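A quick note: this is a predicted structure, and the numbers were derived from the prediction, not measured. Because only heavy atoms are used, hydrogens play no part in the values below, and waters and symmetry mates are left out as well, while side chains stay in. To find a chain, count down the sequence lines: A is the first, B the second, and so on, and within it residues start at 1.
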Number of protein chains: 2
Amino acid sequence: MVRMNPDDRREAIIAATLAVMQRQGIAATTVRDVATELGASSGLIHHYMTSMDELIAAAFERSAGADLLTTSNLVEQGQDPLEQLRFFFDSYTRSDGDSGMQLWLDAWAEAARRPELRQISQRLNKAWQQLICSIIEGGVRAGLMTCLDPVAAAWRILSLLDGLHLQEVAHSDSVTGAQVTKWSRRGAEIELGLPLGTLTEREPS
Amino acid sequence: MVRMNPDDRREAIIAATLAVMQRQGIAATTVRDVATELGASSGLIHHYMTSMDELIAAAFERSAGADLLTTSNLVEQGQDPLEQLRFFFDSYTRSDGDSGMQLWLDAWAEAARRPELRQISQRLNKAWQQLICSIIEGGVRAGLMTCLDPVAAAWRILSLLDGLHLQEVAHSDSVTGAQVTKWSRRGAEIELGLPLGTLTEREPS
DNA sequence: GGGATTATTGGACATTTGCGCAATAGCGTC
DNA sequence: GACGCTATTGCGCAAATGTCCAATAATCCC
């Protein structure tokens, strides 16, 4: 194995871990699998990570954190709260395609037994909720949305999305991706008092 | 160990498995733990179950199926769709108390790798959705609820509940049990065009 | 009471896991 | 070019896991 700068090596290990996690799930990810993916020895992983828990937490944070950042940046480019909300749904629904949602399922389940992972998933979920919450607050201020309790509404929109995605990932033929897209947007329209179609109809370009 | 009738023994094994699963989670449940819980040898478990997968699936079905039946029976006793919906929320929110929700989290995550478990969780989730759906259809027929798409609305109400519960179980200090109760009912009120408080206010007895 | 049936035992076995450690080898410095 | 630092190796270890099986003992039937 080529000798690497510690920082780069650490990144490479995290990337390899993420690849294995996406392929096999968090629970089935082992040090040896990561080493094979990396093309290195298993001892090397422990030279950079003190425990399996830390390794998994770091990889999950990298992946889920990047998704959040992508969506967050896209939302910022929305001209008004309604467009921001549309961008949010576009981005959130897309990021699911590459099985990122199975990682979240694993993370939530493993949170009970892996403290470091738990901390990260909690922090990221709160950040997602806050992102939605700020969009709603903007929308209410601008008179575009109706909402008595933006904090609760944001948790509901996030939980609805997660709950629907969960069905899609765990039981693919119960709920399809198209239904998740349609139903979650319709749910947000109802939640925020928006006219039917506000979030689903594409405006002509 | 007392020699038992095969049917009773099978039940005892399932009960013991369930106890271990609730204590440690599905992923951390081992044959030896179940044997200890049962006060018997590990070989006995394999005399009744051909594989670990079957054992776990059977125990999960017992637990989750019983919860569904309890709620279903309670809903049936509601005099009108609104009361049925209130009973539904009462029952669904209560059953969560004894960490039944962590089992669901594990089941959804493990579904990707355990075919038998996946089949059961899918079937039960569909049944939950149908239970809600029939309440909504009754409510619309009676002119008590407003809903253009009961199938979608039922999936939304179920997913919202699951998504909120998920946060409570995985990250207990993000969302509390009281908030799950309040926010999910408020969500259903909005979804079904019910006046604020319809599902939350207790009518004087 | 004796024999057949089978519930139950308890350990063997191969595999896998996370982790540690002494040895090796690549890189920078003088 | 020699030396020191450390990235990297690769095996060893103990613990845990699912599965299997020959031996044992309890129950039932005649």
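For B:V31, the listed nucleotide lying nearest its side chain is D:dG18; candidates were D:dG18, C:dG18, C:dT8. Relative to the side chain of A:S42, the nucleotides C:dT9, C:dC19, D:dT9 differ in distance, and C:dC19 lies closest. Which of D:dT17, D:dT19, D:dT8 sits closest to the side chain of B:M52 comes down to D:dT19.
Between B:R10 atom CZ and C:dA7 atom C1' the separation is 15 Å, expressed in whole Å. Rounded to whole Å, the distance from CD1 on A:I45 to P on C:dG20 is 14 Å. A straight line from CG of B:N5 to C1' of D:dA26 spans 14 Å, rounded to a whole angstrom. The distance between atom CG of B:L38 and atom C1' of C:dG10, rounded to the nearest whole Å, is 15 Å. Look at OH on A:Y48: it is 10 Å from P on D:dT9, rounded to the nearest Å. Atoms CD1 (B:I13) and P (C:dA7) sit 11 Å apart, rounded to a whole Å. Summarising the geometry, the separation between CZ on A:R3 and P on D:dT8 is reported as 7 Å, rounded to the nearest angstrom. B:H47 places its NE2 atom 15 Å from the C1' atom of C:dG10, with the value rounded to the nearest Å.
Where B:P6 and B:R32 each meet DNA chain C at their nearest nucleotide, the meeting point lying more 5' is that of B:P6.
Looking only at side-chain heavy atoms (C-beta outward), A:R118 and B:S172 come within less than 4.5 Å of each other. Looking at heavy atoms from C-beta onward, A:K126 lies out of side-chain contact with B:H171 at the 4.5 angstrom threshold.
When heavy atoms are screened at a 4.0 angstrom cut-off, B:T50 is found touching no nucleic acid atom at all. Among the heavy atoms of the strands lying under 4.0 Å from A:S51 are primed sugar atoms or P, OP1, OP2 only; no base atom is included.
Within the 4.0 Å cut-off from OP1 or OP2 of D:dC20, not a single side-chain nitrogen or oxygen of B:H46 is found.
A:R114 contributes no side-chain N or O that, together with a main-chain N or O of A:A57, makes up a donor-acceptor pair within less than 3.5 Å.
With hydrogens and angles ignored, no donor-acceptor pair closer than 3.5 Å exists between the side chain of A:R9 and the base of D:dT8.
The local environment of CD in B:Q119 is sparse, with at most 12 non-hydrogen atoms from other residues, nucleotides or ligands closer than 6.0 Å.
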Candidate pair B:S174 and B:Q167, rule side chain to side chain donor-acceptor pair (under 3.5 Å), full reasoning: CA-CA 7 Å; B:S174 277; B:Q167 292 295 331; 4.8 Å; no
Please list every donor-acceptor pair under 3.5 Å in which a side-chain atom of residues 38-49 of chain B meets a protein atom from a residue at least two apart or in another chain.
none

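Annotation: proximity of residues 105-117 of chain B to DNA chain C (heavy atom, distance under 4.0 Å) is found for no residue.
Results of the side chain to side chain donor-acceptor pair (under 3.5 Å) test with A:Y92 over A:D162, A:T181, A:T70 single out A:D162 as the only residue that passes.
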